[in-house]
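In what follows, a structure is listed as structure tokens, so that the remarks can point back to it.
Throughout, residue positions are numbered sequentially from 1 according to the sequence presented.
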Amino acid sequence: MEITRVFDLLAKVAEKNSPDILASKVNKEWKKVSGKEFKQNADYTSAALLDLGLVPGDKVAIISNNRPEWNFVDFGCQQIDVITVPIFPTASLHDMDFIIKDSGVKAVFYSSKDIEKKIDAIKNEAPDLKHIYSFNEEVQAVKQYSDFLKRGKELIENPLTGVDIKKKIQAISDSITEESLLTILYTSGTTGKPKGVMLTHLNLVSNVKNCDKFAPFHKMTRALSFLPLNHVYERMLSSLYLYHGIGVYYAEGLEKIADNLREVKPQIFVTVPRLLERVYEKLVAAGDKLTGFKKKVFFWALDLALKYEMYGKNGFFYEMKRKIADKLVYSKWRAALGGEILVAASGGAALQPRLARVFCCAKITVLEGYGLTETSPVISVNSMEPLGISFGTVGKVLASLDVKIAEDGEILVKGPSVMKGYYKNEEATKEVIDEEGYFHTGDIGKFVEGGYLKITDRKKEIFKTSAGKYIAPLMIENMLKECRLIEQCMVIGEGEKFASALIVPSFENIKDWCKTNHIDFVSNEHIVENAELKKEINTFIRGMNKSLAPYEQIKRVELVAKQWTVDSGELTPKMSMKRKVIKENNLDLIAKIFSIADEC
């Protein structure tokens, strides 16, 4: 079956009719949706939207956690040419207000009382917004999506005299081409107002088809989904799962991922580096609690994994030791992730190479990829094809794309997955897409041996010291995070004599460290002032500095007592740092770092 528009997947999943093409937890039980039910609910949604008076080109916002209903609305909109405007549930009131007004949303479907409060504050000032529905039946103040679906079912199964809603849906869907606008995704952005990225059916479908071979999808039946569907990263991968008939199970939340992995036993999930870092930290913490021979074996296996190279490059004796370590240690790691994991795809930020080594050694293949919302999203990805993986790189460029490196090192990309442009913002579009059609990513990179793409930094994040030396913070930040006691960090020093860093300690690991070192953990605020902790972190930094150029070395650090989060406004929803906000929130610490004239 030829897939040229995203909603063409509906016929494919209905024909195969997997019993669990979508699933979510309801009252502590997995509620499963079959392929046919998925298609029916999308059709009911299309009919009910037409009944509201929506026409092709109108906009509908989805503001919700991941759930089957998200897909029903998305695909229901698609097949009647209504444009979806997904909004992160954690978006600020200011951003949500801007997006709804800027896009001219006519209907909103949302999931929680927290979102309801924001909608209530916005709705009277949004002239186009006419219809509001809740997925959550506990929210009684607005109309229910369940009733909306019933109305659609009535229209489909008991058409009114003279009105054949099925024919109307079919006529509209037949008029939709691969170049038709699919969705507008507003980038959260680390600075300035959100920009609406316009993606077509071709953009997303081409990315799905060109990511088709990065993993053995034919061996997979279940995927766990926990990154937001509001972002194109998870949305494209979900489309890829549907393309292969893989059941998509929606995790209950970040705090429940470990439980859901053991319950669902997926073969694949998509993640961001921070979550993989947490998995690694928990594994190491569990190893720390062992005693005697078991502890020695655990850390022997971990040290072995940290030296891992792909494709047998370590030699015969290493592989023999790896088999022993697998039986004694790595098999238990896999069991903790459900026991059937074949692939974890990582994107959204730079992955520490050591994490990829450790997990790959343990037969939990981590494939790092690279892309942006504007490229739908994947530009390059490590894959399970022959010689497809190179640690420390983001893999090889997709076959459909033309990627080149500009004179200043910026990565430029052209091809069918590059966005149509920014919604109602021609000036911003012209700033990033040049006359030859190349999209300017804003990322600095290079091709290394074997044709793999390596990201070296973000163009806008490179800064210059007062001595005129340029510093790329991303590389140094990744090195800092190799310390178990460091969870988050941001390298600073623009216009200053030297580079320094703000560090958020890993308080979970520090509690264990405190027990080992007989130190009382009173509070986060108390421990960041602890001289022994500062000494431990500074010892790691001194060792790290030996591999850096003198002007790149971190001279001073200050510890921050609170984690940077999406809710605090210091991270974007995909967990990228908002550097400007972090700086503004820590002016006193930054002043303290640079107030002393001498360098340490």
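Ile486 contributes atom CD1, which lies 11.5 Å from atom CD of Glu277 (distance to the nearest 0.5 angstrom). In this structure, Ile80 CD1 and Leu54 CG are separated by 6.5 Å, a value rounded to the nearest 0.5 Å. Note that the SG atom of Cys489 and the CG atom of Leu502 stand 9.5 Å from one another [nearest 0.5 Å]. Atom CE of Met96 sits about 7.5 Å away from atom CD1 of Ile99, to the nearest 0.5 Å. In this structure, NE2 in His244 is found 8.0 Å from NZ in Lys12, a value given to the nearest 0.5 Å. In this structure, CZ in Arg235 is found 8.0 Å from CG in Leu229, a value given to the nearest 0.5 Å.
Under 3.5 Å, the side chains of Gln563 and Gln488 contain no donor-acceptor pair of N or O atoms. Side-chain polar atoms of Tyr186 and Asp102 form a donor-acceptor pair below 3.5 angstrom. Side chains of Glu69 and Asn41: no donor on one and acceptor on the other come within 3.5 Å. Checked by atom type, the side-chain pair Glu482/Asn478 shows no donor-acceptor distance below 3.5 Å. Using modelled atom types and a 3.5 Å distance limit, the side chains of Asn203 and Thr200 yield a donor-acceptor pair. No hydrogens or angles considered: a donor-acceptor pair under 3.5 Å links the side chains of Tyr438 and Asp402. For the residue pair Tyr250 and Asn71, a side-chain donor N or O sits within less than 3.5 Å of a side-chain acceptor on the partner. Side-chain contact check for Thr183 and Thr84: at least one donor-acceptor pair (N or O, by modelled atom type) lies under 3.5 Å.
Counting heavy atoms of neighbouring residues, nucleotides and ligands inside a 6.0 Å radius, atom CG of Asp408 exceeds 12 of them. Around the CD atom of Glu426, the shell of radius 6.0 Å holds no more than 12 heavy atoms that belong to other residues, nucleotides or ligands. Annotation: Lys396, atom NZ; neighbour count of heavy atoms from other residues, nucleotides and ligands within 6.0 Å is above 12. By the 6.0 Å contact criterion, NZ on Lys562 is open, its count of non-hydrogen atoms from other residues, nucleotides or ligands being 12 or less. No more than 12 heavy atoms of other residues, nucleotides or ligands shown are found within 6.0 angstrom of NZ on Lys469.
Using a 4.5 Å heavy-atom threshold, the side chains of Leu202 and Ser180 count as separate. The shortest distance between side-chain heavy atoms of Tyr422 and Val432 falls below 4.5 Å. At least one side-chain heavy atom of Arg274 sits less than 4.5 Å from a side-chain heavy atom of Glu487. Side-chain atoms of Asp97 and His94, non-hydrogen and from C-beta on, never get closer than 4.5 Å to each other. Side-chain contact between Lys454 and Lys446: present, with at least one pair of heavy atoms (C-beta onward) separated by less than 4.5 Å. Residues Leu351 and Leu276 meet the side-chain proximity criterion, which asks for heavy atoms closer than 4.5 Å. Residues Met490 and Glu477 meet the side-chain proximity criterion, which asks for heavy atoms closer than 4.5 Å.
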query = Do Leu355 and Val366 pass the side chain to side chain contact (heavy atoms under 4.5 Å, CB included) test, and can you show the C-alpha distance, the side-chain angles, and the key distance before you say yes or no?
reply = CA-CA 8 Å; Leu355 293 179; Val366 174; over 6 Å; no
query = What do the steps show when you test Arg278 against Glu255 for salt bridge (Lys or Arg N to Asp or Glu O under 4.0 Å), and what is the final call?
reply = CA-CA 11 Å; Arg278 287 181 179 175; Glu255 71 286 350; over 6 Å; no
query = Is there a side chain to side chain contact (heavy atoms under 4.5 Å, CB included) between Glu374 and Thr187 once you walk through the steps?
reply = CA-CA 9 Å; Glu374 290 88 340; Thr187 58; 4.1 Å; yes
From CA spacing to verdict: salt bridge (Lys or Arg N to Asp or Glu O under 4.0 Å), Asp114, Lys118 = CA-CA 7 Å; Asp114 289 339; Lys118 295 175 184 176; over 6 Å; no
message = Does Met577 form a side chain to side chain contact (heavy atoms under 4.5 Å, CB included) with Leu571? I'd like the steps, not just the answer.
response = CA-CA 5 Å; Met577 287 189 294; Leu571 300 182; 4.0 Å; yes
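Ring centroid separation for the pair Phe135 and Tyr145 comes in under the 6.0 Å cut-off.
Of the listed residues (Phe72, Tyr110, Phe109), just one forms a ring pair (Phe, Tyr, Trp, His ring centres under 6.0 Å) with Tyr133, and that residue is Phe109. The residue from Val378, Asp443, Val397 that alone fulfils the side chain to side chain contact (heavy atoms under 4.5 Å, CB included) condition with Tyr370 is Asp443.
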